[in-house]
Amino acid sequence: MGEHILGTDFSFVLHINRGAGAFVCGEGSALTASIEGERGMPRTKPPRTVEQGLFAKPTVLNNVETYANVPMIIENGAKWYLGIGTKNSPGTKAFALTGSVNNTGLIEVPMGTSLGEVIFSIGGGVKNNGQFKAVQIGGPSGGCLVESDFDLPLDFDSLKKRGAMIGSGGLVVMDDKTCMVEVARFFMNFTQNESCGKCVPCREGTKRMLEILERIVSGKGKSEDLDLLEELGDAITNTALCGLGKSAALPVLSTLKNFREEYVAHIEKRCPAGNCEKLLHYVIDKDLCKGCSKCARNCPVEAISGVIKSPYTIDQEKCIKCGACKSSCPFKAIYIE
């Protein structure tokens with residue numbers, strides 16, 4: 001910012017260090033290690049960053065959003081700032097509203113604003129007049145909230161009680177066409193890839209959870225997998241070294257809690273949302289099929305058989321779920337069950 005600012009003895013040098021985009025470097029000690037040129041990995045505490053942080057010196061570590069509030073608090077006073085938001089969560093919060101919602105983008109609201117107000121008053125409701133199903137809050141390692149949470153105030157304490165967190169401020173709205181098991185698998189895949197690998201619970205636990213989820217969405221899941229996911233999730237949450245590991249299982253645990261019936265359906269080899277390719281069942285409507293054989297001729301694995309001018313059938317054991325039959329049928333006689 002300059003030497004001898006405004007003719008005083010005060011000099012201030014601002015250095016911007018560009019990171020490589022590692023998710024784990026959202027954790028303070030991993031961030032400082034990265035700036036020092038080391039691999040971004042968290043360390044045990046104490047010492048805390050305020051005692052021994054960057055280059056072993058006391059360090060004030062906050063995100064840009066927090067620092068942006070400081071000038072206004074200095075100018076208007078702490079009492080003014082405490083008048084915004086809730087008692088235990090004062091101020092405002094920036095959220096990135098996205099997904100199946102009409103108005104997407106960055107928003108800033110007072111802490112304590114209800115979830116329903118954010119989605120419907122600011123977000124304009126679900127896109128294409130769809131039906132709301134859930135919202136993922138807090139980023140890749142956040143939890144899911146459902147319709148019964150519309151009146152929930154978005155503050156630290158309320159979200160923690162619901163097994164979720166504000167985190168990075170991400171809000172991904174999902175409609176009824178979304179498969180919640182695939183959502184859990186998607187976020188677990190991201191978290192597992194971003195794990196620094198330093199502690200066993202996160203390094204091995206997230207990998208095992210991902211393997212189970214991949215097995216479930218591919219139609220090879222077992223009923224005991226659900227109990228194992230919960231057991232692994234609790235173990236990782238309670239024993240991981242840093243915040244990434246402690247929150248890694250939240251997407252799985254929250255979807256298991258709110259959408260367990262979808263997990264059960266996948267165990268039974270059904271995807272209610274019709275998103276998991278391996279669990280789709282292509283069926284020929286006998287009343288609409290004219291027996292033209294076009295579907296059979298377009299099937300790459302010869303899974304469709306029949307007699308000309310009579311209804312054809314699909315062998316589910318041979319079917320690879322490619323959809324070639326459905327797209328080629330001129331009578332719209334093939335549907336996904």
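In this text, all values refer to a predicted model and were calculated from it rather than measured experimentally.
- Contact detail for Cys179 and Cys276: the closest heavy-atom pair is SG-SG, 3.7 Å.
- A salt bridge links Arg162 with Asp149: the distance from a Lys NZ or Arg NE/NH1/NH2 to an Asp or Glu carboxylate oxygen falls below 4.0 Å.
- Here the side chains of Gln316 and His281 are in contact, with some heavy-atom distance below 4.5 Å.
- In this structure a side-chain-to-backbone donor-acceptor pair under 3.5 Å is missing from Ser89 to Thr86.
- Met111 and Pro90 make their closest contact through CG-O, 3.9 Å (heavy atoms, listed as atom of the first residue, atom of the second, distance).
- No path of Ile, Leu, Val, Met, Phe, Trp and Tyr side chains, each step under 4.5 Å between heavy atoms, connects Phe190 with Leu213, placing them in separate hydrophobic clusters.
- Under the 3.5 Å distance criterion, the side-chain polar atoms of Gln136 are matched with a main-chain donor or acceptor of Gly142.
- When side chains are defined from C-beta on, Cys271 counts as touching His266, because their heavy atoms get closer than 4.5 Å.
- Smallest separation of non-hydrogen atoms from Cys25 and Ser34: SG-CB, 3.9 Å.
- Tyr282 and Tyr335 have their aromatic ring centers separated by at least 6.0 angstrom.
- Counting only heavy atoms from C-beta outward, the side chains of Leu232 and Ile212 approach each other to under 4.5 Å.
- A 6.0 Å sphere centred on CD of Glu261 holds more than 12 heavy atoms belonging to other residues, nucleotides or ligands.
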What verdict does the salt bridge (Lys or Arg N to Asp or Glu O under 4.0 Å) test give for Arg270 and Glu262, after you've listed the backbone C-alpha separation in whole Å, the side-chain angles of each residue and the deciding distance to 0.1 Å? CA-CA 9 Å; Arg270 292 183 296 107; Glu262 283 200 33; over 6 Å; no

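- Residues Ala324 and Ser328 approach most closely at O-OG, 2.9 Å, considering heavy atoms.
- Side chain of Glu65 to main chain of Lys93: no donor-acceptor pair is present (N/O by atom type, distance under 3.5 Å, no hydrogens or angles).
- The stretch residues 239-252 participates, sequence neighbours left out, in these side chain to side chain donor-acceptor pair (under 3.5 Å) pairs: Ser141-Ser247.
- Leu250 and Leu226 end up in different hydrophobic clusters when Ile, Leu, Val, Met, Phe, Trp and Tyr side chains are linked at under 4.5 Å.
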Side chain to side chain donor-acceptor pair (under 3.5 Å), that's the test. Do Thr237 and Asp234 meet it? Break it down for me. CA-CA 5 Å; Thr237 301; Asp234 289 337; 5.4 Å; no

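- In the hydrophobic cluster analysis, where Ile, Leu, Val, Met, Phe, Trp and Tyr join through side-chain heavy atoms closer than 4.5 angstrom, Leu210 is grouped apart from Phe186.
- Residue Ser223 holds its OG atom at 15.0 Å from OH of Tyr263, rounded to the nearest 0.5 Å.
- Heavy-atom neighbours of Ile16 CD1 from other residues, nucleotides or ligands within 6.0 Å: at or below the threshold of 12.
- Atom CD of Glu224 is surrounded by more than 12 heavy atoms from other residues, nucleotides or ligands within 6.0 Å.
- For the pair Ile284/Ile314, a side-chain contact is recorded, criterion being any heavy-atom separation below 4.5 Å from C-beta on.
- Between Cys196 and Val24 the shortest side-chain heavy-atom distance falls below 4.5 Å.
- One finds the CD1 atom of Ile119 at 9.0 Å from the OG atom of Ser114 (value rounded to the nearest 0.5 Å).
- No salt bridge links Lys133 with Glu147; every basic N to acidic carboxylate O contact stays at or beyond 4.0 Å.
- Every residue meeting the side-chain contact (heavy atoms from CB on, under 4.5 Å) condition with Phe55, not counting sequence neighbours, appears here in chain and number order: Glu36.
- Residues Gln131 and Asp175 have side chains not in contact (no heavy-atom distance under 4.5 Å, counting atoms from C-beta outward).
- Side chains of Pro311 and Lys290 form no contact here, defined as non-hydrogen atoms less than 4.5 Å apart.
- Listed by chain and number, the residues in a side-chain contact (heavy atoms from CB on, under 4.5 Å) with Thr66 are Asn62, Asn63 (sequence neighbours excluded).
- Distance check, rounded to the nearest 0.5 Å: CD of Glu182 to CZ of Arg185 gives 4.0 Å.
- Every salt bridge (charged side-chain N to carboxylate O under 4.0 Å, His left out) that Lys45 has, sequence neighbours left out, goes to Glu27.
- Between the side chain of Thr8 and the backbone N or O of His4, no donor-acceptor pair lies under 3.5 Å.
- Applying the salt bridge (charged side-chain N to carboxylate O under 4.0 Å, His left out) rule to Arg208 yields the partners Glu204, Glu211; only residues at least two apart in sequence or on another chain are considered.
- The local environment of CG in Asn238 is crowded, with over 12 non-hydrogen atoms from other residues, nucleotides or ligands closer than 6.0 Å.
- In this structure, SG on Cys295 lies 4.0 Å from CD1 on Ile304, to the nearest 0.5 angstrom.
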Starting from the C-alpha separation in whole Å, work towards a yes-or-no answer on side chain to side chain contact (heavy atoms under 4.5 Å, CB included) for Lys127 and Asn102. CA-CA 5 Å; Lys127 191 185 295 183; Asn102 285 308; 4.1 Å; yes

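- Between atom CE of residue Met41 and atom SG of residue Cys199 there is a gap of 9.0 Å, rounded to the nearest 0.5 Å.
- Taking all atoms of both residues into account, the shortest heavy-atom contact from Asn275 to Leu280 is N-CD2, 4.4 Å.
- Counting non-hydrogen atoms of other residues, nucleotides and ligands closer than 6.0 Å to CG of Asp227 gives a total above 12.
- In this structure, the separation between CG on Asp225 and NZ on Lys220 is 12.5 Å, given to the nearest 0.5 Å.
- Within 6.0 Å of CG in Asn17 there are more than 12 heavy atoms belonging to other residues, nucleotides or ligands.
- Between Val217 and Leu279 the shortest side-chain heavy-atom distance does not fall below 4.5 Å.
- A search for side-chain contact (heavy atoms from CB on, under 4.5 Å) contacts involving Leu159 returns Ile137, Leu145, Leu152, Leu154, Ala164, Ile166, not counting sequence neighbours.
- Contact record, Ser218 with Lys278: O-CB, 3.6 Å, taken as the closest heavy-atom pair.
- Note: the hydrophobic cluster containing Ile216 also contains Val264 (ILVMFWY, side chain heavy atoms under 4.5 Å, direct or indirect links).
- Both Leu115 and Phe156 belong to a single network of hydrophobic side chains, linked directly or stepwise wherever heavy atoms of I, L, V, M, F, W or Y lie under 4.5 Å apart.
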